[in-house]
Amino acid sequence: MRQPLSRDLVRTMCEAEIDECKLVPWGSNYTFAITFVTAGGDAPIAIYKPASGEIPLWDFDSGSLYRREYASFLLSRVLGWHFIPPTVIRNGPHGIGTVQLYIEPLQRAQNLFARDRYQAALRPVFVFDLLVNNADRKSSHLFVGRQDRRLWGIDHGLTFHTDAKLRTVIWNFCGEPLDMNMQQTLDRLVRHQSRIGALLDPYLRDAEIDRLFSRAAQLRHDGTLPFLNQRRNIPYGW
């Protein structure tokens with residue numbers, strides 16, 4: 001079911017004055033935890049990733065990771081897979097970047113892959129990573145929220161490359177047939193290519209959008225989730 005975003009939350013993340021901005025001391029790019037100035041004093045904590053803090057990479061355009069992060073969020077909403085926390089693009093103390101709602105983790109993913117209760121939630125994440133060509137799905141990027149007990153996924157900056165870049169720790173579903181719901185989701189994605197492409201156009205190159213739909217069409221045609229290669233599809237430093 002599609003979960004509507006709170007207008008107040010989105011407005012706060014987009015427009016509220018940023019109060020505190022503290023460097024998060026891990027990760028390869030500069031990331032900050034921020035709070036907002038609000039009338040009620042109960043503003044959320046968010047994660048701010050400015051384009052100026054992105055470490056240059058040889059295979060992704062400099063300053064493009066925040067746009068890929070936001071494009072991933074938009075696509076997840078279109079698909080009805082709500083595992084990416086609410087995300088916006090805005091200016092902050094270090095320039096333009098993404099601001100994403102912070103979800104306090106209860107449990108990291110290392111203990112989730114073998115548990116039946118999370119298999120239904122993990123499967124769409126695996127398919128999503130196939131679609132966006134996620135080059136960095138580490139186990140630390142998946143967790144269960146402390147308050148809602150839902151599965152969440154973060155860090156989608158290394159996505160949408162035109163070359164095969166898939167790196168993931170989710171191997172549970174290799175070789176499984178697509179179920180009816182997944183088939184219908186992929187059919188809708190391909191059928192509404194023009195509309196969804198226009199939604200993603202401000203954030204991705206034309207060739208990157210085209211490859212997204214090519215991957216969706218190929219996956220739908222195959223009818224099964226692919227087997228992965230242990231030498232090629234393991235995340236770096238996982």
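Source: prediction; values computed, not measured.
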Please tell me if the side chains of Arg137 and Ile170 come closer than 4.5 Å, counting only heavy atoms from C-beta onward. yes

Between Tyr66 (side chain) and Glu54 (backbone), is there a donor-acceptor pair under 3.5 Å? no

Are any of the side-chain heavy atoms of Asp136 and Arg167 separated by less than 4.5 Å? no

With side-chain contact (heavy atoms from CB on, under 4.5 Å) as the test, would you mind laying out the steps for Thr98 and Phe73 before giving the verdict? CA-CA 11 Å; Thr98 53; Phe73 170 71; over 6 Å; no

Partner residues of Arg149 under the salt bridge (charged side-chain N to carboxylate O under 4.0 Å, His left out) criterion, sequence neighbours left out: none

Compare all side-chain heavy atoms of Pro50 with those of Phe32 and state whether any distance is below 4.5 angstrom. yes

Basic-acidic side-chain contact under 4.0 Å: Asp59, Lys165: yes

Got Phe143 and Leu106 here, is their nearest side-chain heavy-atom distance under 4.5 Å? no

Is there side-chain contact between Leu228 and Phe126, with at least one heavy-atom pair below 4.5 Å? yes

Without swapping roles, check the side chain of Asn133 against the backbone of Thr159 for a donor-acceptor pair under 3.5 Å. no

Would you find more than 12 non-hydrogen atoms of other residues, nucleotides or ligands less than 6.0 Å from Arg7 atom CZ? no

Quick one: does any side-chain atom of Asn233 pair with a main-chain N or O of Leu166 as donor and acceptor, under 3.5 Å? yes

Is the distance between the ring centroids of Tyr30 and His94 under 6.0 Å? no

Can you name the nearest heavy-atom pair linking Tyr236 to Lys138, along with the distance? O-CE, 3.0 Å

Euclidean distance, Ser62 OG relative to Ile55 CD1, rounded to 0.5 Å: 10.0 Å

Between Leu9 and Pro44, what is the shortest heavy-atom contact and its length? CD1-CG, 3.8 Å

One pair to check against side-chain contact (heavy atoms from CB on, under 4.5 Å): Ile84 and His156. What are the steps and the verdict? CA-CA 9 Å; Ile84 300 178; His156 295 90; 3.6 Å; yes

Checking Phe83, Phe173, Phe160 against Phe128 for ring pair (Phe, Tyr, Trp, His ring centres under 6.0 Å), the one that qualifies is Phe83

Could you work out the complete set of other residues in the hydrophobic cluster of Val190, with links drawn between I, L, V, M, F, W and Y side chains under 4.5 Å apart? none

Mind listing the closest non-hydrogen atom pair of Ala216 and Leu189 along with its distance? CB-CD2, 3.6 Å

Does Asp201 use its side chain to pair, donor to acceptor, with the backbone of Gly197 at less than 3.5 Å? no

Flag side-chain contact, heavy atom, 4.5 Å: Leu158 against Arg68: no

Using distance alone, with no hydrogens and no angle criterion, decide if Asp222 and Gln218 have a side-chain donor and acceptor under 3.5 Å apart. yes

Close side-chain approach of Gln100 to Thr31, heavy-atom, < 4.5 Å: no

side-chain contact (heavy atoms from CB on, under 4.5 Å) assessment of Leu131 paired with Leu79: CA-CA 11 Å; Leu131 293 173; Leu79 295 172; 4.1 Å; yes

Taking the side chain as every heavy atom from C-beta outward, state whether Asn134 and Thr168 have any pair of such atoms under 4.5 Å apart. no

Okay, side chain of Glu104, backbone of Gln147: is any donor-acceptor separation there less than 3.5 Å? no

Approximate separation, where rounding is to 0.5 Å, of Tyr48 OH and Ile34 CD1: 8.0 Å

For Phe36 and Val99, run side-chain contact (heavy atoms from CB on, under 4.5 Å): C-alpha distance rounded to whole Å, both residues' side-chain angles, the deciding distance at 0.1 Å, then the answer. CA-CA 11 Å; Phe36 304 92; Val99 170; 3.9 Å; yes

In terms of heavy-atom contacts, does CZ of Arg205 have more than 12 from other residues, nucleotides or ligands at under 6.0 Å? no

Could you grab the distance from atom CD1 of Ile103 to atom CD1 of Ile45, nearest 0.5 Å is fine? 10.5 Å

Taking all heavy atoms of Ala71 and all of Tyr203, pick out the closest pair and write down the distance. CB-CB, 4.2 Å

Between the side chains of Arg123 and Asp179, is the shortest nitrogen-to-carboxylate-oxygen separation below 4.0 Å, so that they form an ion pair? no

Minimum heavy-atom separation for Asp61 and Ser64, please, with both atom names. O-OG, 2.7 Å

